[in-house]
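It should be emphasised that the depicted structure is a prediction, and the values quoted were computed from it without experimental measurement.
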Amino acid sequence: MDKDSSKNLNFFRETNNLNEVIKILLFKKKSEPKNLDNLFQLGGAYRSLGNFDAALANYEEIIEYDETYTPAFRMIGTIINHNKNEKYLKKLEKLKEKNNLTATQKIDMYFALGKAYEDLKEKEKSAKYYILANTSKKEITKYNFKIHKEHFDQIYEIYKNIDFNDKKLNIKKNKKIIFICGLPRTGSTLFENIISSHKEVYSGGELPYLQRSVKKYFAENNKLIKDKILKNLNDQNIDFVNDYFKSLLNHDFSEKNVTDKQLDNFRWIGLIKLFFPNSKIILCKRNYKTNAVSIYKNNFSSGYNNWTNDPKDILNYIKYYNKFVNFWKKNFPNELFEVDYEEIVKHKDIVIREMINFCELNWDPNCLLFYKNKSPIKTASAFQARQPIYESSVEPDTVLFNNIFSDTDFIDI
């Protein structure tokens, strides 16, 4: 794909204009009908918009051209139940016997097989393939948690010595940001879908803008610089804030409230409270054992999430996440709203009303009909978040858990 088309695609995808993404890809398809990467992106755009039939058709088309394009199998598993359609599993089992697959192709194939056997309730087989997928990916990334540890420690040391009550800026914007933070697989996509079902809320999704602005104004050599933060605060400099809102102008919306579901913004909650004082922060929580297993089952594309392929790294990341969250709760005891996934499953109406009230929004009954929300969902939970809440989603995969964790791992979490 030429540079201009690729640039336009990235822009429209980032600004949630997926209809334009589809137009570009359909145009490209006319001249390059067998370009599998284009077809894969097209399937992803349809999937994000909730058009799962069109997404599935594109993934099937890919497989017809090249059965070794294993990411298509993995994505199929996110929108179907293999128990109702075993034809893809049969193709995967046949593909497994091939000797010419690359390591990356095998990883997607193993994740796809793990999901297929999970659907068929063959837990031991499912666990086997999830473990193969993750150990294979760890061999490629060679990830070392030291990378995140140094990053988290450096940020935490800066926050420890800042008086948050003394330094807040008095900024008023006509748009209010609802930041949704947490660990992956904690129901964040569901929570965003609920909140953005409100007529006064625009669904931003996983916006990269805060991270970019932090890097631009407060970092050097990928390290947060305390003096830069304090100088901006002391000078009442709002360039950092304006930079974030300037990026939002590329989105076409009129609502006064915007969700930002970039989960790892939990690192920047201190900056959010200092520079975005009228914002709201939702923290997503889920049973740690269930959460850890769910993280392990997913093949995350971002290099930031390479910690998800090793049980020890997952545990370490959760511990650091908790260290930050406990610190924020201590500093902002009445300014954070933690949503427990298990609680929303048990008491949907009550928790949803509490969440909407925390966001200082008038009640909108559409929030209970979140599964009808047409906003783009670009995460692995695109299918689940468009379904009514179901209790089976809180049940842990005990077989996989017992293969990779032990109960004692979670004692000090």
Examine the side chains of Thr15 and Asn250 and answer whether a donor and an acceptor come within less than 3.5 Å of each other.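 Absent: no donor and acceptor within the cut-off.
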
Could you check whether any side-chain N or O of Asp313 sits under 3.5 Å from a backbone N or O of Asp310, counting only pairs where one atom can act as donor and the other as acceptor?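 No; judged by distance alone, with no hydrogens or angles, the pair does not exist.
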
For Cys367, is there any backbone N or O sitting under 3.5 Å from a side-chain donor or acceptor partner on Asp364?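 No: the side chain of Asp364 does not pair with the backbone of Cys367.
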
Looking at side-chain heavy atoms only, is the closest gap between Cys284 and Ile180 below 4.5 Å?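 Answer yes - side chains close enough.
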
Are Leu190 and Tyr341 packed together at the side-chain level, in the sense that at least one heavy-atom pair is separated by less than 4.5 angstrom?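 Yes, at least one pair of side-chain atoms sits under 4.5 Å.
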
For residues 72-82, pull every pair meeting salt bridge (Lys or Arg N to Asp or Glu O under 4.0 Å), keeping only residues two or more places apart or in separate chains.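 Sorted result for residues 72-82: Arg74-Asp108.
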
Sequence neighbours left out, what pairs pass salt bridge (Lys or Arg N to Asp or Glu O under 4.0 Å) with at least one residue falling in residues 11-24?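 Salt bridge (Lys or Arg N to Asp or Glu O under 4.0 Å) check on residues 11-24 returns Glu14-Arg212, Glu20-Lys23.
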
Which pairs of donor and acceptor atoms, one on a side chain in residues 218-225, lie under 3.5 Å apart (sequence neighbours left out)?
{"unit_1": "Glu220", "atom_1": "OE2", "unit_2": "Lys228", "atom_2": "NZ", "d": "3.2"}

Ring center gap for Tyr304 and His151 short of 6.0 angstrom: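 Here the rings of His151 and Tyr304 have centres that are no less than 6.0 Å from each other.
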
Do the side chains of Asp227 and Lys231 get close enough for a salt bridge, i.e. N-O under 4.0 angstrom?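 Between Lys231 and Asp227 there is no salt bridge, as every charged N stays at least 4.0 Å from the carboxylate O atoms.
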
With sequence neighbours excluded, residues passing side-chain contact (heavy atoms from CB on, under 4.5 Å) with Glu255: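 Counting only residues at least two positions away or on another chain, Glu255 forms a side-chain contact (heavy atoms from CB on, under 4.5 Å) with Tyr202, Phe253.
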
Quick one: side-chain contact (heavy atoms from CB on, under 4.5 Å) partners of Asp119, sequence neighbours excluded?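 Residues passing side-chain contact (heavy atoms from CB on, under 4.5 Å) with Asp119: Asn81, His82, Lys115.
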
Please determine whether the number of non-hydrogen atoms from other residues, nucleotides or ligands lying under 6.0 Å from atom NZ of Lys312 exceeds 12.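 At most 12 heavy atoms, drawn from other residues, nucleotides or ligands, come within 6.0 Å of this atom.
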
Would you say NZ of Lys323 has more than 12 non-hydrogen atoms from neighbouring residues, nucleotides or ligands within 6.0 angstrom?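 Above 12, so yes.
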
Tell me, please, whether Tyr143 has Lys138 positioned over its six-membered ring: NZ or CZ under 6.0 Å from the ring centre and within 45 degrees of its axis?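 No cation-pi geometry.
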
For Phe300, give me all partners under ring pair (Phe, Tyr, Trp, His ring centres under 6.0 Å), at least two apart in sequence or on another chain.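 Per chain and number, Phe300 pairs via ring pair (Phe, Tyr, Trp, His ring centres under 6.0 Å) with no residue.
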
